[in-house]
Amino acid sequence: MSLLDFGWGNEFAAGFKPYSERGLLPARVIRQLRDLSLLWTDQGERSGEVSGKFRHRAADRSAYPVVGDWVAVELSGDDRAVIHAVLPRRSAFVRKTAGELVEAQVAAANVDTVFLVSGLDGDFNLGRIERYLTTAWDSGASPVIVLNKADLRTDLQCVVNEVEIVAPGVPVVAVSATAAGNLEALQPYLVPRKTVALLGSSGVGKSTLINRLLGEERFRTAPVSDAQEGRGRHTTTTRELVRLPGGALLIDTPGMRELQLWTDDEGLGRPFKDIEDLAARCRFVDCSHEQEPGCAVQAAVGEGTLDPRRLESYLKLRREVRFLALKKDVKTRRQLEKATGRRFATMLKEVKKHKPSYK
Ligand code: GDP
Ligand code: ZN
């Protein structure tokens with residue numbers, strides 16, 4: 001199998017030129033476990049770690065290789081490899097790290113299509129689809145909404161219609177990943193050498209889906225009793241890129257209970273295009289759509305053409321990304337204060353005093 005089978009192409013080859021001149025080889029990260037990467041190279045699988053220089057230069061965690069990344073490596077004798085650089089990502093799923101830390105975490109890179117998987121059981125939630133969709137649009141990959149556990153619903157068409165409204169312009173497919181289910185609807189998106197990532201909370205059936213597509217029990221799945229109650233469990237532990245029998249590449253990302261956004265106001269434009277279109281007709285340019293007069297968004301809610309739940313969801317995500325912007329700001333200030341040993345307010349005063357001259 002060659003690198004082309006793992007998705008290598010001209011767009012990466014161009015960026016790789018300076019590294020090939022240094023005698024390095026391209027490789028794709030197919031599994032990531034803490035600091036250790038499992039790599040696919042022209043010489044087969046190797047495990048590798050980043051070089052000391054890389055570690056020294058990395059601005060933060062998001063610079064480190066993740067599953068799906070193309071990297072520049074130097075092979076050493078004992079089947080190992082040293083990673084010297086990560087090639088620019090064509091797409092990347094970025095979320096905020098869990099907890100208080102204001103830091104981005106990249107879950108997967110160089111993804112062409114993302115399957116946003118939801119389970120049509122008790123855990124089904126439109127708000128969560130909107131949240132995942134925001135991250136997906138932001139990543140640069142094309143989203144497809146996959147509604148799994150279709151066997152549990154008799155009102156399938158109803159649910160699909162509902163989802164189509166919250167995901168304008170995004171394909172929505174319903175499948176059943178369990179043995180008897182039909183996965184035909186996914187085929188158009190499973191293209192040889194293209195990378196598909198699965199994103200979704202734990203328990204939605206991602207492992208079951210991958211096992212079915214692979215035709216083998218590669219990933220551990222949760223006991224059925226949990227699924228019947230619609231309860232998710234943390235079942236997948238590593239991120240891995242696998243090659244399907246048909247040649248498509250699939251990345252599983254670990255299930256998560258909560259996906260914290262790492263974007264800004266602009267990142268909400270695409271997933272909430274219907275609301276942004278309405279907003280263009282609000283009386284005030286900076287209308288917050290909460291209680292201003294002449295608000296076209298509120299008017300649409302009043303007329304019944306916009307679901308109040310969807311507006312609430314939009315406002316909630318907007319609060320979240322604005323709060324994140326504030327926290328990023330505070331973090332930048334602290335870093336500056338630490339680096340200079342001086343207070344931010346003092347520095348600000350000085351900058352204001354000495355207006356730059358553009359001569
Ligand atoms: P993951 O955490 O997203 O990887 O989810 P799993 O693949 O572990 O699945 C969670 C549970 O849902 C398991 O008990 C599966 O058997 C069950 N499950 C997965 N797909 C389906 C489906 O299409 N229908 C039904 N009824 N259950 C499913
Ligand atoms: Zn408005």
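Owing to the predicted nature of the structure, the values given are computational and were not obtained by experimental measurement. Note that ligands are numbered from 1 as they come in the structure, with each ligand's atoms numbered from 1 the same way.
Within the structure, ligand 1 lacks G200 among the residues with a heavy atom less than 4.0 angstrom away.
At a heavy-atom cutoff of 4.0 Å, ligand 1 is contacted by no atom of D121, backbone or side chain. Residue contacts with ligand 1 for V204 involve both N, CA, C or O and side-chain atoms from C-beta outward (heavy atoms, distance under 4.0 Å). The part of D151 lying near ligand 1 is the side chain, judged by heavy-atom distances below 4.0 Å.
Side-chain contact, R28 with T195: a donor N or O sits under 3.5 Å from an acceptor N or O. Looking at Y19 and E74, their side chains never bring a donor and an acceptor atom within 3.5 Å of each other.
Close approach of ligand 1 to G205 (heavy-atom distance below 4.0 Å) involves ligand atoms 1 (P), 3 (O), 5 (O), 6 (P), 7 (O), 9 (O), 19 (C).
An N or O contact shorter than 3.5 Å links G203 to ligand 1 by distance.
Using a 4.5 Å cut-off on side-chain heavy atoms (C-beta onward), S118 and R128 make no contact.
Aromatic ring orientation, F6 versus W40: parallel (interplanar angle below 30°, classes split at 30° and 60°).
For K316 and E130, the salt-bridge test fails: no basic side-chain N is under 4.0 Å from an acidic carboxylate O.
For the Zn ion (ligand 2), the nearest N, O or S atom contributed by H289 is named ND1.
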